[in-house]
There are 2 protein chains.
Amino acid sequence: MTRVGGQGGSPAAPRAVDVARLAGVSQKTVSRVFNAERYVSDDVRRRVLGAAEELGYRMNSAARALASGRTRSIGVVTLGTALYGPASLLIGIERAARDAGYALRVVNTLEGDRGGVAGAVESLLEQGVDGIVVSEPIDESDEGSVSLSVDVPVLVLGAPATFGGPRAVTAGVGAESLARAATEHLLDLGHVTVHHLAGPQRWFAARDRLGGWRAALSARGRLQPPVLEGDWSAASGYAAGRELASAGDVTAVFAANDDMAIGLIRALTEAGLRVPDDVSVVGFDDIPVSAYVTPPLTTMRQPFDAVAHEGLRLLVQAIEKPDAEPAPANDPPVELVVRASTAPPVARTTPARGRRSASRSNGSAHAPPAGNGPPATD
Amino acid sequence: MTRVGGQGGSPAAPRAVDVARLAGVSQKTVSRVFNAERYVSDDVRRRVLGAAEELGYRMNSAARALASGRTRSIGVVTLGTALYGPASLLIGIERAARDAGYALRVVNTLEGDRGGVAGAVESLLEQGVDGIVVSEPIDESDEGSVSLSVDVPVLVLGAPATFGGPRAVTAGVGAESLARAATEHLLDLGHVTVHHLAGPQRWFAARDRLGGWRAALSARGRLQPPVLEGDWSAASGYAAGRELASAGDVTAVFAANDDMAIGLIRALTEAGLRVPDDVSVVGFDDIPVSAYVTPPLTTMRQPFDAVAHEGLRLLVQAIEKPDAEPAPANDPPVELVVRASTAPPVARTTPARGRRSASRSNGSAHAPPAGNGPPATD
DNA sequence: CGCAGTCATGACAGCGCAGTCATACGGGAC
DNA sequence: GTCCCGTATGACTGCGCTGTCATGACTGCG
């Protein structure tokens, strides 16, 4: 384990002492410069930076972590899916973390991976992260809701803070109130009731949306049709759409995300039902294509980026000022984007041929000729 | 900096020596057990593991990294977008890395961030990763193509290996041949030529697709209509669609990704053109909703997961056996998914009213009428 | 029986930093 | 002039692990 000098392969990476020697200062002073500590004269700082540049010096973060007990990194537990929501959150988290001077370590938990979150958290702790973000966890436990208990600060996104242990923080708008607003939009249009195509109920986000839908209907004393459950995919939305189409009495559906809404609309369309003339559909998330599908989708936009930033602000505060009060989260703004997939219900006098609703904003909502061959399943 | 015993906050985390003491062995033996080294008796192993469990011992990976010179982690440079391709690759990379025993550190480069990749790589090197994955880099440099030069192994995904320096490896099917196959599918259907809606040309992936389209047309001596350039978004596809609709002589379009294809179809539909009767559209990626939009999209599926796994295999080999030959990549399979957005052209005798093409059934890879170009297994 | 080889374990040093403390210098306040 | 405090720097040490080497115990074989 001797440092090989110049010969053989690349020369050993320069260390702080090497920089110190070249700059004519002590190793400790180099450390001071690189940590932007106080009490370093401008002259010395310049010499050190110059020497570092000359040698191509890079700090060894493992050594720093060992000596300081902090890694300046944040671990993220996220689901191994390319779904728009989790992916957007991850991006927002990375950016916010970097802005705060933290590196990111990522562990995925695959759905169906029992004890996935706990295992992922364990592996992050082993890596010595200073804080942990649990993004959109799913509840795989049999014994009801689990709760992590770790010593580092935890931020939970898309689930109750208690999921992350007693001292965890959370951020984001309650999905429940958003779901409620989406449902109310349909009721306000005059629909007698609203069907719900729910997400997988092991997801907290899916439960919240279901709850919001229930709340909206209850509040107006409307009856709650049976709930369909999908898996967030357009394919599952399509399957649900076929069921709903055969049910026959459906005029409005609130889908728990846009992908399912798109599959749903496809199935309805194939069954000869027109959206929104016969059935109104509201999605959730406002994924980028939602404005361009046929018909353009009315949906609840989620402020993923704002949520990630707000959450990270809280997490970093918990890391750096453990004693300060956990400043209450500023709820980011949310927005129901009304496009062309929702309209007032049409009296079903004529079997399947309602009056066209007044043309709505941008989308000349052409109903495509029904009966295009069903798409490949999955 | 004394270790505080039990009182005040949580007790200090147990170290290997603590475990060793409890198990009645030396600290080095604990290290051996946790590294699964040879020459540890079963009895000792059990005692050590028991003691570790009892104390809740977790290895300190910073110390391990410092002592061993390896972090057992891989850094990923990826673009800060929720696009399906990059997101899917990231997931595949994480999974493959974990399977190989590596943790993942992620740095995003925002588009428009000059020198973004180089800066991101620098920050990863500082974190001491054992290898680096550069996923779908974009070329922000003014001076032509850049090339990293780092000491750790590099895997480049979605760009020429040379982008990652002289010894970098790469994996994945050449996007060029895929794009060529997509274009040929349209030509085989009988279209005289094919328009191209390209991705942003700073992306290598976008350039490759453009190149493949060019190659397909050149090979058959067809004229190359002017290229439209989008930014991968459905919105940009929509804008391009409006232009194409007004051009009037378009019968087939190859869009560089599915989102743009969806926006494109929307614009064409609004302009009164029918897809595929008047205009055929092929996308690229096969994002999950593509099968459920109207019409279901013919598209080139990309085997993201296979590419990530194959790439990581190569990277891990380069890390662990630097001398072994960089085994040539096994090109993963690719697949043109024919759905309902493509059809033979219809003679434009009557202004805008073609005969409906024979109904195409459910769409999984049907051999389309004319000599179907083989799905380019590169 | 003796010796080499394999297996099992421990002692010790050092990875490259940051923390702590000591030191030295300089400029007011008195 | 002296004291004190703010500034600037260095010496030394230790973070918790792994690498190397030394040391026994045990095996098998001539």
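Per chain, numbering begins at 1; letters A, B, ... match sequence-line order. The shown structure was predicted, so the numbers you read here are calculated from the model rather than taken from an experiment.
With values rounded to the nearest 0.5 angstrom, A/His309 atom NE2 is found 13.0 Å from A/Leu314 atom CG.
Atom C1' of nucleotide D/dA11 and atom CD of A/Gln27 are separated by 11 Å, given to the nearest angstrom. The CZ atom of B/Arg15 sits 8 Å away from the C1' atom of D/dG16 (whole-angstrom rounding). To the nearest angstrom, C1' of D/dG14 lies 13 Å from CG of B/Asn60. Residue A/Met59 contributes atom CE, which lies 10 Å from atom C1' of C/dG16 at whole-angstrom precision.
Residue A/Ala67 places its side chain closer to D/dC15 than to any other of D/dG16, D/dC15, D/dA11. The side chain of A/Leu66 sits closest to D/dG16 out of D/dC17, D/dT9, D/dG16. Of the candidates D/dC17, C/dA11, D/dA11, the closest approach to any side-chain atom of A/Ser26 belongs to D/dA11.
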Please list each protein N or O that sits under 3.5 Å from an N or O in nucleotides 25-27 of chain C, with the distance.
none

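By the side chain to side chain contact (heavy atoms under 4.5 Å, CB included) test, A/Ala318 is found to be paired with A/Pro153, residues two or more places apart in sequence or in another chain being considered. With sequence neighbours left out, the side chain to side chain contact (heavy atoms under 4.5 Å, CB included) criterion links B/Val152 to B/Leu125, B/Ile132, B/Val150. For A/Arg95, the side-chain hydrogen bond (donor to acceptor under 3.5 Å, both in side chains) criterion is met by no residue, not counting sequence neighbours. When the side chain to side chain contact (heavy atoms under 4.5 Å, CB included) test is applied to B/Ala100, the partners found at least two apart in sequence or on another chain are B/Tyr102, B/Val316. Residues meeting the side-chain hydrogen bond (donor to acceptor under 3.5 Å, both in side chains) test with A/Arg167, sequence neighbours left out: none. Residues satisfying the side chain to side chain contact (heavy atoms under 4.5 Å, CB included) test with B/Arg46, not counting sequence neighbours, are B/Asp42. Among residues two or more places apart in sequence or in another chain, the side-chain hydrogen bond (donor to acceptor under 3.5 Å, both in side chains) test is passed with B/Arg72 by none. Here A/Asn60 pairs with nothing under the side-chain hydrogen bond (donor to acceptor under 3.5 Å, both in side chains) rule; sequence neighbours left out.
Using a 4.0 Å heavy-atom criterion, one finds that A/Val17 contacts no nucleic acid atom at all.
Using a 4.5 Å heavy-atom threshold, the side chains of B/Val169 and B/Gln317 count as separate.
For residues 116-136 of chain B, every residue pair satisfying the side-chain hydrogen bond (donor to acceptor under 3.5 Å, both in side chains) rule, not counting sequence neighbours, is listed here: A/Arg58-B/Glu122, B/Thr71-B/Asp130.
Comparing the local axis fitted to the first five base pairs of the helix from C/dC1-D/dG30 to C/dC30-D/dG1 with the one fitted to its last five gives a bend of 40°, rounded to 10°.
Nearer to the 5' terminus of DNA chain D, by closest-nucleotide assignment, is the contact made by A/Lys28 (compared with the other of B/Arg58 and A/Lys28).
Taking only side-chain nitrogens and oxygens, B/Thr29 never comes nearer than 4.0 Å to OP1 or OP2 of C/dT9.
Of the residues in residues 30-54 of chain B, those lying under 4.0 Å from DNA chain D by heavy-atom distance are B/Ser31, B/Asn35.
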